[in-house]
Amino acid sequence: MIKKKRGRNLGKIKGFAIQFLPYSEIRNLDDNQRIRRILGIVLGNNILILQGKLEPEEETRLIEDTMAMIGHVRNFKGIELAVISGNKKEGFLRKMKMGLANALSGGDLGAITIIGPATIVKEMKRNPKRIELLLNR
Amino acid sequence: MVIKIFKNFIKRMFSSIFKNNKQIKLGFYGPPNAGKSTLANRICKDFTGEELGSVSNVPHETRHVQFKEKVEIEFKGKKLVFKMVDTPGIATKIDYEEFLKYKIKKKDAKKRAKEATQGVIESIKWLDDMDVVVVVLDSTENPYNQVNITIIGNLVARKIPILIVANKIDKKKSNIKKIEAAFSEYDAIGISAKQGENLEEFYESIFKLSKKVK
Ligand SMILES: Nc1nc2c(ncn2[C@@H]2O[C@H](COP(=O)(O)OP(=O)(O)OP(=O)(O)O)[C@@H](O)[C@H]2O)c(=O)[nH]1
Ligand SMILES: [Mg+2]
């Protein structure tokens, strides 16, 4: 699922880690705390893999807070963000075909959210089947 | 019984009067560089003779919400009055160095980046105030972009009717089908805001959506 671009050497990238956050870790937090927790991890040069996904309003909050931080945190240029929405019964592709409406509701534990700092993650290429992370040199 | 019918009649009459007087707040949302301002300009130009804002191949050209009040659009003999709201492109990252590629000076690039971050916040704040939203996407780009999904998810959550526009169909790389597949339960139409292609269908859809406005 995570693939580095051909010819790029992952070993050359220094000082970042991948962190997994189970949904249970943020379930009992309010919106504020949840966004702060996520941004805290990303600001620590981590690529965050979050179980589940955010509500649409939380996503816009995340974007707003990210924008506010770009001016205030040195070398922070924002985030890359992608969500894969899994479901027990249906494949992701079928869900995409049915449309995004269901996929848009939050808290779906079958979903996976990937958030990384833009300085490390150059691009997250996404299609219905997979997410590809292209990393900066 | 009779009273109920009478009440309903009054209610309907009032709402139709309000509908006719009220302007419909029509927002243009989407990622940077998709052609929101180009489309808003074309509509404003056609119906008022004036444009709304500046267009550029450099992303984040629009960094403040800009609007034009009381734009009367006539389509097939029907008229509706809109408040046209063009918004800054929404992004999850902004790097001033990207602007340097367009031969913008470092100092100006940094200023542009700063204004762009504030513009994104402004766009999001204005979401609540929209009656109908046109989500403008560049049909040469991958539609499975989280920003697109976030914008649409927020509009759905707020029950705001949306029209998805696959813009830049004049370009060779344009792929409307991919946008239609990604957002299959919404109306999506292909246009070229720059060349003025397929605007009839665009107006048709906007008029249809405007009926859904409460
Ligand atoms: N080929 C082609 N180019 C287009 C079309 N619409 C817009 N463009 C070009 O795309 C670039 C961006 O257009 P804008 O209208 O400034 O885009 P925007 O969505 O307002 O961008 P921001 O204000 O940065 O969020 C400009 O160079 C336009 O000329 C189109 O239909 N076809
Ligand atoms: Mg613009």
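Chain identifiers are assigned alphabetically (A, B, ...) following the order of the sequence lines, protein sequences preceding nucleic acid strands; residue numbering begins at 1 within each chain.
- A 6.0 Å sphere centred on NZ of B:Lys111 holds no more than 12 heavy atoms belonging to other residues, nucleotides or ligands.
- For A:Gln19, the CD atom is densely surrounded, since the number of other residues' heavy atoms within 6.0 Å is greater than 12.
- Looking at B:Ile124, the atoms closer than 4.5 Å to chain A (heavy atoms on both sides) all sit in the side chain, from C-beta outward.
- With respect to chain A, the highest number of heavy-atom pairs below 4.5 Å among B:Leu155, B:Ile121, B:Asn145 belongs to B:Ile121.
- Expressed to the nearest 0.5 Å, how far OG1 of B:Thr150 lies from CD of A:Glu58 amounts to 11.5 Å.
- Within the 4.5 angstrom heavy-atom criterion, only side-chain atoms of B:Asn142, from C-beta onward, approach chain A.
- Interface residue A:Ile79: backbone and side-chain heavy atoms are both found under 4.5 Å from chain B.
- Checking side-chain atoms of B:Lys93 against main-chain N and O of A:Lys122 turns up a donor-acceptor pair under 3.5 Å.
- Contact check for A:Thr66 versus B:Thr92: no side-chain heavy atoms found under the 4.5 Å cut-off.
- Here the side chain of B:Asp95 pairs no donor or acceptor atom with the backbone of A:Lys77 at under 3.5 angstrom.
- A:Met67 places a side-chain heavy atom less than 4.5 Å from the side chain of B:Ile94.
- Looking at A:Thr60, both its backbone and its side chain come within 4.5 Å of chain B, counting heavy atoms on both sides.
- Looking at A:Glu80 and B:Gln146, their side chains never bring a donor and an acceptor atom within 3.5 Å of each other.
- With a 4.5 Å cut-off on non-hydrogen atoms, B:Glu97 touches chain A through its side chain but not through its backbone.
- Using a 4.5 Å cut-off on side-chain heavy atoms (C-beta onward), A:Arg126 and B:Ile149 make contact.
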